[in-house]
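Quick note: numbers below take in every heavy atom, side chains included, and nothing from hydrogens, waters or symmetry partners. Quick note on labels: first sequence line is chain A, next is B, and so on, each numbered from 1.
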Amino acid sequence: MSDLRSPSPHPRPLRLVFMGTPEFAVPSLQTLLEGEDLVVGVVTQPDQPSGRGMVLHAPPVKVLAVAHHLSVFQPARLREPGVLASLQAWQPDLIAVVAYGKMLPQAILALSPYGCINVHASLLPKYRGAAPIQWAIACGERETGVTTMHISERMDAGDILLQKTITIADDDTGGTLHDKLAVLGAEALRETLQLVKSGQLVAQPQDEAAATYAPLLKKEDGRIDWRQEADTLARRIRAFNPWPSAYTTLHGKLLKIFAAQRERSIPHPAPPPGTVAEVTPVSLVVATGAGYLTLSEVQLEGKKRLPIAEFLKGYHLTPGLVLGA
RNA sequence: CGCGGGGUGGAGCAGCUCGGUAGCUCGCGAGGCUCAUAACCUCGAGGUCCUAGGUUCAAAUCCUAGCCCCGCAA
C-alpha cells in the first residue's frame, strides 16, 4: 500500500509537523531544525506530574521546541474536538512521528500529502512495539537498527522506507543503545525526507510472517527470577539498565542490579537459585537456575548506585544468604 | 503539601532509640614478611559528624528551619 499521493519530486522545503515526546525523539527534532525544511508545529504529550514531589514536567521534545520558539500543541487525546483542525491549520506537507506515545487516528494519517512517517528503533518487522531496544538486547540479538516507515493503522506495520543497522556491543545497555539509536534514527529520518523530496522514495511492505513483538516494559519485568539461567539473567540485566532496571531483594529491601556477568567456575554442590554462593572483597556470586552470576554493579533502596567492591565494603554479606526471598 | 531512606576522615558503612573518649571494612603513607595472591603483620597520617539556629554542664545523638543525594510512585 502506498499513501504517497505525490510521487513526484518536491523541490521546495517541506512544511513539517513533528510529533514526539521523550528523549529518543530529541535528536530527530534537532536534526530537522538544522535542515532546510520548515518545522511548522510540534505535537507532544501533555506535561505530566512526575519525579520526586510529583512536580509537573514538560516532555523533552517540548523543552527543545520551546527553546526554538516553535508552536507546541499538547492535546490530551488526538480524537478530541479541534485537534484535527489545529493540525490542518499548520498545512503540513508531511508529519514526522518519533516516539509520540499514542496511536494516530486515520484522519491524521490522511491529513497531509505525504502522510505520516515514523522512526522505529528496530529492524522491522522484528520488534514491533513499545520497547524494541531493550528486548533486542534481552533476546541476545547481535545487531539491531532503526526503520523509517509509512504509518499505517496497525502498530508498526507500515511500509518500510529506509533502514539503518548497528552492531550491539557486548557492553551496550538499554541506555547506551537507546542513545545510539536515537541518533541513528535522526539520520534515517533526514535521509528519508531527502528521498521524499527527490521523488526516489520506495515503500516496501513488511514481511508479516517475520514480525515479532517487543511489548511495553512494566516494572514487574525487571524482577529477577533466579531460576532462570545465568546467561538469560545477564542479558536482561544489561537490557533493563537503566530502566526499568533488574531488581531483587536483600533483607527485604529493594536491590537493583545494573551489571552482572555469567560466572564460569562453578562450585560443586549447587545451592538453590538466588543463594549467595561466594563473597570476596571484590565480588559477589549468586546461584541461578543454571550457572552462576557475578554481580558487578548494584544499588540498594535509598542508596547510591555502586560498583560491587564499594558496596561490599559497607555491607558484609555471607554465603548462604538468599536474594529475592 | 504524594510516600519513604540517607548526608559521619579519600570510598562504603556502624554509632543516634537510651546525649558523656570518633568505630568497622577498605584506601593512603612508612616499615616488615613472602616463590606467590585484590595475601599477611606492625606503626602512622587523615574527620567543621551537610548547614544555621535552639535545648543542655555536655549534642554525631534531642528540637526547629534550610540545602543536597537516593528508592517508591507517576
> Among A:Thr275, A:Thr248, A:Thr288, which residue meets the side chain to side chain donor-acceptor pair (under 3.5 Å) test with A:Trp226?
A:Thr248
> Please identify each residue that fulfils salt bridge (charged side-chain N to carboxylate O under 4.0 Å, His left out) with A:Asp37, with sequence neighbours left out.
A:Lys197
> Can you measure A:Leu284 atom CG to B:A38 atom P for me and round it to whole angstrom units?
18 Å
> Can you tell me the distance, in whole Å, between the CG atom of A:Leu255 and the C1' atom of B:G5?
15 Å
> Considering Watson-Crick and G-U wobble pairs with both distances under 3.5 Å, what does B:C35 pair with?
none
> Look at the side-chain N and O atoms of A:Gln299 and state whether any lies under 4.0 Å from the OP1 or OP2 oxygen of B:C70.
no
> Would you measure the distance from the P atom in B:C72 across to the matching atom in B:C16 and give it in whole Å?
28 Å
> Is a side-chain donor-acceptor pair under 3.5 Å present for A:Gln74 with A:Thr44?
no
> Provide the distance between the two P atoms, one in B:U61 and one in B:G19, to the nearest whole Å.
12 Å
> Can you check the A:Glu220 CD to B:C72 C1' distance for me, whole Å?
14 Å
> In whole angstroms, how far is the C1' atom of B:G6 from the CZ atom of A:Arg305?
19 Å
> Whole-Å distance between B:C26 P and A:Phe311 CZ?
16 Å
> Strictly distance-based, threshold 3.5 Å: is any side-chain N or O of A:Arg142 a donor or acceptor partner for the main-chain N or O of A:Thr167?
no
> Could you walk me through whether A:Glu208 and A:Arg128 pass the salt bridge (Lys or Arg N to Asp or Glu O under 4.0 Å) test, one step at a time?
CA-CA 11 Å; A:Glu208 287 297 322; A:Arg128 291 177 179 177; 3.0 Å; yes
> Determine which nucleotide pairs with B:A45, using a 3.5 Å limit on both distances of a Watson-Crick or G-U wobble pair.
none
> Considering non-hydrogen atoms only, spot the tightest contact between A:Pro27 and A:Ala182 and give its length.
CB-O, 3.6 Å
> Is A:Glu187 paired with A:Arg190 through a side-chain N to carboxylate O contact shorter than 4.0 Å?
no
> When rounded to the nearest Å, what value does the distance between C1' atoms of B:A30 and B:C24 take?
23 Å
> Considering every strand shown, what is the Watson-Crick or G-U wobble mate of B:U61 when both distances are under 3.5 Å?
none
> Using the C1' atom on both, measure B:G2 against B:A65 and round to a whole Å.
22 Å
> Take the protein atom CG of A:Leu300 and the nucleotide atom C1' of B:C69, then report the distance between them rounded to whole Å.
15 Å
> Starting at atom CG of A:Leu254, determine the distance to atom P of B:C3, rounded to an integer number of angstrom.
20 Å
> Please identify each residue that fulfils side chain to side chain donor-acceptor pair (under 3.5 Å) with A:Tyr100, with sequence neighbours left out.
none
> Go through residues 242-253 of chain A and report each residue with a non-hydrogen atom lying under 4.0 Å from RNA chain B, sorted by number.
none
> Give each protein N/O atom lying under 3.5 Å from an N/O atom of nucleotides 13-17 of chain B, with the pair distance.
{"from": "B:C13", "atom 1": "O2'", "to": "A:Gly314", "atom 2": "O", "distance (Å)": "3.0"}

> For residues A:Tyr127 and A:Glu141, is any side-chain donor paired with an opposing acceptor at under 3.5 Å?
yes
> Which listed nucleotide (B:G12, B:G71, B:A38) is nearest to the side chain of A:Glu310?
B:G12
> Please measure how far the P atom in B:U34 lies from the corresponding atom in B:G20, and state the result in whole Å.
46 Å
> Consider side-chain contact (heavy atoms from CB on, under 4.5 Å). Of A:Leu162, A:Val98, A:Val196, which one does A:Ile117 pass it with?
A:Val196
> How far does the P atom of B:U8 sit from the matching atom of B:A60, given to the nearest Å?
15 Å
> Can you tell me how far P in B:U25 sits from the matching atom in B:A36, rounded to whole Å?
26 Å
> Once you apply the 3.5 Å cut-off to both distances, tell me the Watson-Crick or G-U wobble partner of B:G2, or none.
B:C72
> Could you tell me if A:Glu263 and A:Thr294 have a donor-acceptor pair between their side chains, going purely by distance under 3.5 Å?
yes
> Could I get the full list of salt bridge (charged side-chain N to carboxylate O under 4.0 Å, His left out) partners for A:Arg15, not counting sequence neighbours?
none
> Quick check: does any side chain N or O of A:Thr147 sit under 3.5 Å from a backbone N or O of A:Leu124, one acting as donor and the other as acceptor?
yes
> Using the C1' atom in both, what is the distance from B:U51 to B:G6, to the nearest Å?
16 Å
> Using purine N1 to pyrimidine N3 plus N6-O4 or O6-N4 for Watson-Crick, or N1-O2 and O6-N3 for G-U wobble, each under 3.5 Å, what pairs with B:G10?
B:C26
> Hey, can you pull the residues of residues 47-55 of chain A with a non-hydrogen atom under 4.0 angstrom from RNA chain B?
A:Pro49, A:Ser50, A:Gly51, A:Arg52, A:Gly53, A:Met54
